[in-house]
Number of protein chains: 2
Amino acid sequence: MPAGLFDDATLFRPDLPPAAAKWSGYPKYNLVGGHNDADSVPVEELIAAAATALRRDGKTLAMYGLHSGPLGYKPLREYIARKLAKDAGITCTADEVLITSGSLQGLDLVNHVFVQPGDTVIVEQATYGGTITRLQRVGARIVGVPLDHDGLSSAALEATLADLKRQGIRPKFIYTIPTVQNPTATVMSTARRNEILALSAQYGVPIFEDECYSDLVWSGTRPPAMRGMPGGDRVVHIGSFSKSVAPALRIGYLVADWPVMSRILAIKSDGGSGALEQMALAEYCEQHFDTHIASLRKVLQRKLDVLVAALREQFGEAAMFDYPEGGIFLWITLPEAVDTTRLQQLALAAGVSVNPGAEWMTDAAPGRSRIRICFAHPSEQTLREGVGLLAEVCHREFGIPVRDANAHR
Amino acid sequence: MPAGLFDDATLFRPDLPPAAAKWSGYPKYNLVGGHNDADSVPVEELIAAAATALRRDGKTLAMYGLHSGPLGYKPLREYIARKLAKDAGITCTADEVLITSGSLQGLDLVNHVFVQPGDTVIVEQATYGGTITRLQRVGARIVGVPLDHDGLSSAALEATLADLKRQGIRPKFIYTIPTVQNPTATVMSTARRNEILALSAQYGVPIFEDECYSDLVWSGTRPPAMRGMPGGDRVVHIGSFSKSVAPALRIGYLVADWPVMSRILAIKSDGGSGALEQMALAEYCEQHFDTHIASLRKVLQRKLDVLVAALREQFGEAAMFDYPEGGIFLWITLPEAVDTTRLQQLALAAGVSVNPGAEWMTDAAPGRSRIRICFAHPSEQTLREGVGLLAEVCHREFGIPVRDANAHR
């Protein structure tokens with residue numbers, strides 16, 4: 001084939017990330033990604049909800065914004081405002097809620113109104129890989145703060161804020177996933193939230209709270225969101241239906257004071273999020289969300305228990321982890337001998353996909369022997385077989401788990 | 001209320017556009033925006049289509065990308081590939097089609113892979129206002145090329161390309177709306193398309209072809225898209241269902257060679273477009289698109305004729321325009337005495353919203369006495385009354401139309 005015009009790389013921006021490879025499907029044991037349990041998708045209820053909402057408001061599809069303005073479909077915003085009051089202690093009106101295309105769009109919008117190249121942002125030392133790459137793309141200087149069993153460490157945060165202040169640096173925000181932290185799956189206590197809020201006040205640094213997993217706490221009760229606590233006016237809050245109903249719907253939301261919201265609306269030029277999802281969710285959630293999420297939590301915890309049992313059986317004490325308080329992932333520490341970036345490559349060749357710790361940490365080094373395994377989408381059999389294969393590959397390359405020393409299991 | 005943290009403007013990026021004002025609903029006579037005819041939204045058919053698609057593929061909602069990969073729901077991509085072959089002369093497979101959240105996301109993605117601040121981009125001198133603001137936001141130097149009754153002028157384009165070349169400037173692309181140009185509503189002939197393609201080859205400058213209105217040609221036949229013509233490998237093609245089915249669905253598409261597509265996929269981190277729209281459209285369009293669009297074209301042309309009659313009655317010969325070959329808007333030239341930016345403000349105060357020409361042109365000056373009126377969403381009565389009010393305001397401020405000289409009408 002002769003060279004085409006677009007083979008001339010100088011036509012493109014010079015600062016693009018590497019071009020994508022062609023998609024060739026998922027590996028057989030796909031233990032990554034925010035996918036959810038397929039059998040829990042409430043298909044018939046969504047069909048009924050879409051039909052009801054479309055019969056009522058379908059003609060408004062003829063308008064950008066569904067005659068609800070730039071914030072999104074009003075009945076959905078009203079539901080979210082009620083839900084946040086009930087579940088998260090947030091008092092807000094529908095007009096303080098912005099519908100976003102997943103919480104991912106929330107991340108992009110917040111990054112774009114606050115961060116310009118060179119600005120400093122504080123995140124948890126282990127955090128969502130997509131947050132790290134997005135912040136890198138906007139040119140942020142990312143400062144990671146350690147976590148403990150209660151989530152973001154307030155002592156470490158205070159030290160970091162003080163240190164930055166000495167350098168004359170005021171970070172743009174503190175990004176945290178308080179409830180079912182990604183990847184550690186801790187749930188930050190109310191006391192810790194108060195400490196973080198106090199530091200935000202003391203140093204004049206906003207909090208960016210990503211509560212996209214907060215519906216998935218096994219106990220069924222989440223602590224109040226920081227947005228709903230005293231000092232919550234300094235908090236930008238995002239949430240999502242991706243983890244609670246279905247990721248492909250691409251519906252999330254953002255709650256923030258008007259100085260933030262009005263700037264976000266000024267740069268949000270996408271014409272709104274998908275109308276059918278907004279309509280179907282508004283109708284569905286009103287009737288079914290609470291029973292659905294209670295059932296989904298049980299399904300997810302059962303899968304987690306299958307994963308934990310498989311890890312115990314295959315890796316014995318070589319796989320160390322805290323039992324998650326909720327969510328869809330497990331954060332595992334392997335012995336120091338295991339380089340999980342290498343393990344990931346070898347496992348992928350064997351059909352098993354896992355996240356190496358380096359991709360989920362602000363500093364790659366402490367993530368060297370960690371992996372993240374997502375358990376919501378794979379079947380129980382896939383989890384068992386996938387962990388078995390992973391152990392096999394890991395043993396072959398690193399001698400871990402030790403196969404001939406059953407006493408160590 | 002005491003000042004909050006976010007009242008400190010230094011927290012935000014300094015280069016943001018002005019913050020949004022609170023939305024207070026549409027004016028009574030809303031003659032702007034890409035809204036469509038509400039009674040033409042095929043509500044019952046969309047309900048049935050969503051139900052069928054969800055019963056078949058609903059469980060894939062549990063995965064980002066619906067198990068179709070990063071390009072979008074495969075049945076929809078397959079439909080689009082067939083539609084483009086039939087209607088636009090484009091030969092492509094489903095794997096060369098990317099589903100976007102409206103053609104607006106297509107604009108953003110293409111801008112972001114090609115343009116960095118200071119780069120030059122060629123557009124039509126009168127063009128979509130959103131394209132102008134988006135290009136401004138990425139820091140492009142925008143060069144406008146005049147249009148004639150056949151769309152983008154190839155003679156003027158050649159002169160511009162030659163002039164830029166003499167300056168050592170290679171534009172990143174030539175952005176054009178060939179079919180039902182926005183705002184002039186011309187349809188570029190096949191001969192003219194060939195001329196533009198030849199200039200693209202000669203100067204090594206890609207063509208960015210926005211065919212979002214191409215289903216709305218009154219005759220029912222659109223010329224082949226440049227993407228489907230010889231040399232079409234130098235063309236990035238975008239289209240949309242916003243103007244043909246419903247804008248609130250937020251579904252568009254992009255067709256481009258892999259060097260472009262692979263770079264776009266690398267920066268596209270939104271987790272995909274809304275699943276219910278993709279599913280419902282794939283199912284709906286297969287069965288109903290062709291009959292629906294034929295009927296919608298009739299409805300729209302009838303509304304156009306109501307608008308034209310109202311203008312004739314109210315403005316007489318003071319309102320000059322070419323009768324559109326399709327679409328949802330009319331581009332009107334008023335006498336030089338009329339400053340349409342001022343007219344817009346006064347009309348809005350009277351409850352009538354129109355686009356002043358200055359917002360739809362690369363150079364504000366030649367747009368000074370022009371307005372764009374969108375006719376797809378308003379009822380026939382709203383069109384008549386809105387034009388009446390507009391004429392009243394215009395007469396009061398500019399003495400045009402001349403009220404006491406009926407001979408001049």
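Here is the naming used below: chain letters follow the sequence lines, and residue numbers restart at 1 for every chain. Excluded from the calculations below are hydrogen atoms, water molecules and symmetry mates; all remaining heavy atoms, backbone and side chain alike, are included.
Heavy-atom distances place the side chain of Y26(B), and not its backbone, under 4.5 Å from chain A. Heavy atoms closer than 4.5 Å to chain B are found in both the backbone and the side chain of Q116(A). Of the two parts of A9(B), the backbone and the side chain both hold a non-hydrogen atom closer than 4.5 Å to a non-hydrogen atom of chain A. P18(B) touches chain A through its backbone: at least one of N, CA, C or O sits under 4.5 Å from a heavy atom, while the side chain does not. Only the backbone of V235(A) comes within less than 4.5 Å of a heavy atom of chain B; no side-chain atom from C-beta onward does. Heavy atoms of N30(A) lying under 4.5 Å from chain B belong exclusively to its side chain. With a 4.5 Å cut-off on non-hydrogen atoms, D119(A) does not touch chain B at all. Contacts between D8(B) and chain A at a heavy-atom distance below 4.5 Å involve the side chain alone, from C-beta outward. Proximity to chain B is limited to the backbone of S68(A), based on heavy atoms less than 4.5 angstrom apart. In this structure, no portion of V110(B) lies under 4.5 Å from any heavy atom of chain A. The contact between K22(B) and chain A is made by backbone and side chain atoms together, counting heavy-atom distances below 4.5 Å. For a residue to count as touching a neighbouring chain, one of its non-hydrogen atoms must lie under 4.5 Å from one of that chain's; by this rule Q278(B) does not touch chain A. At a 4.5 Å heavy-atom cutoff, the contact between V205(A) and chain B is made by backbone atoms alone.
When D39(B), D257(B), L46(B) are compared by the number of non-hydrogen pairs under 4.5 Å with chain A, D39(B) comes out ahead. If you tally non-hydrogen atom pairs under 4.5 Å between each of A246(A), A19(A), G25(A) and chain B, the highest count goes to A19(A). Counting heavy-atom pairs closer than 4.5 Å to chain A, the top-ranked of the candidates G130(B), G58(B), G69(B), A280(B) is G69(B). Chain A forms more heavy-atom pairs under 4.5 Å with one residue of G34(B), S40(B), G65(B) than with any other, namely G34(B). Each of V260(A), D15(A), V245(A), L265(A) has some count of heavy-atom pairs under 4.5 Å with chain B, and the biggest count is that of V260(A). By number of non-hydrogen pairs under 4.5 angstrom with chain B, the leading residue of G204(A), G33(A), G271(A) is G271(A). Contact count versus chain B (heavy atoms, under 4.5 Å) is highest, among P247(A), P42(A), P259(A), for P247(A). Per-residue counts of heavy-atom pairs under 4.5 Å with chain B were compared for L66(A), V113(A), N36(A); the largest is that of V113(A). When each of T10(B), T60(B), L16(B) is checked for heavy-atom pairs under 4.5 Å with chain A, L16(B) comes out on top. By number of non-hydrogen pairs under 4.5 angstrom with chain A, the leading residue of A248(B), A256(B), S273(B), A201(B) is A248(B). Per-residue counts of heavy-atom pairs under 4.5 Å with chain B were compared for M261(A), R134(A), H112(A); the largest is that of R134(A). Between chain A and the residues K268(B), Q105(B), R137(B), the most heavy-atom pairs under 4.5 angstrom are made by R137(B).
A donor-acceptor pair is defined here as one N or O able to donate and one able to accept, closer than 3.5 Å; no such pair exists between the side chain of R55(B) and the backbone of I47(A). Looking at E277(B), its side chain does come within 3.5 Å of a backbone N or O of A275(A) through a donor-acceptor pair. In this structure a side-chain-to-backbone donor-acceptor pair under 3.5 Å is present from R13(B) to V115(A).
Rounding to the nearest 0.5 angstrom, the gap separating the CG atom in D233(B) from the CZ atom in F6(A) is 8.0 Å. The distance from the CH2 atom of W258(B) to the CG atom of D7(A) is 13.5 Å, given to the nearest 0.5 Å. To the nearest 0.5 Å, the span separating CG on L107(A) from CG on D270(B) amounts to 12.5 Å. Annotation: the span from S262(B) atom OG to F12(A) atom CZ amounts to 7.5 Å, rounded to 0.5 Å.
The minimum heavy-atom distance linking A38(A) with A62(B) is given by the pair CA-CB, 3.6 Å. Taking each heavy atom of A266(A) and P17(B) in turn, the nearest pair found is O-CG, 3.8 Å. The minimum heavy-atom distance between H35(B) and M63(A), with the atom names listed, is ND1-CA, 3.4 Å.
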Starting from the C-alpha separation in whole Å, work towards a yes-or-no answer on side-chain contact (heavy atoms from CB on, under 4.5 Å) for R250(A) and S101(B). CA-CA 11 Å; R250(A) 314 306 309 121; S101(B) 297; over 6 Å; no

Start with the C-alpha gap between R170(A) and L11(B), add the side-chain angles, then the distance that decides, and say whether side-chain contact (heavy atoms from CB on, under 4.5 Å) holds. CA-CA 9 Å; R170(A) 182 188 184 187; L11(B) 271 172; 3.9 Å; yes

Does the pair V43(A) and L54(B) meet the rule for a side-chain contact (heavy atoms from CB on, under 4.5 Å), with working shown? CA-CA 7 Å; V43(A) 175; L54(B) 277 167; 4.2 Å; yes

side-chain contact (heavy atoms from CB on, under 4.5 Å) between L249(B) and L61(A): does it pass, once the steps are laid out? CA-CA 7 Å; L249(B) 296 178; L61(A) 292 175; 4.2 Å; yes

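L104(B) is not listed as a side-chain neighbour of S269(A), based on a closest heavy-atom distance of 4.5 Å or more.
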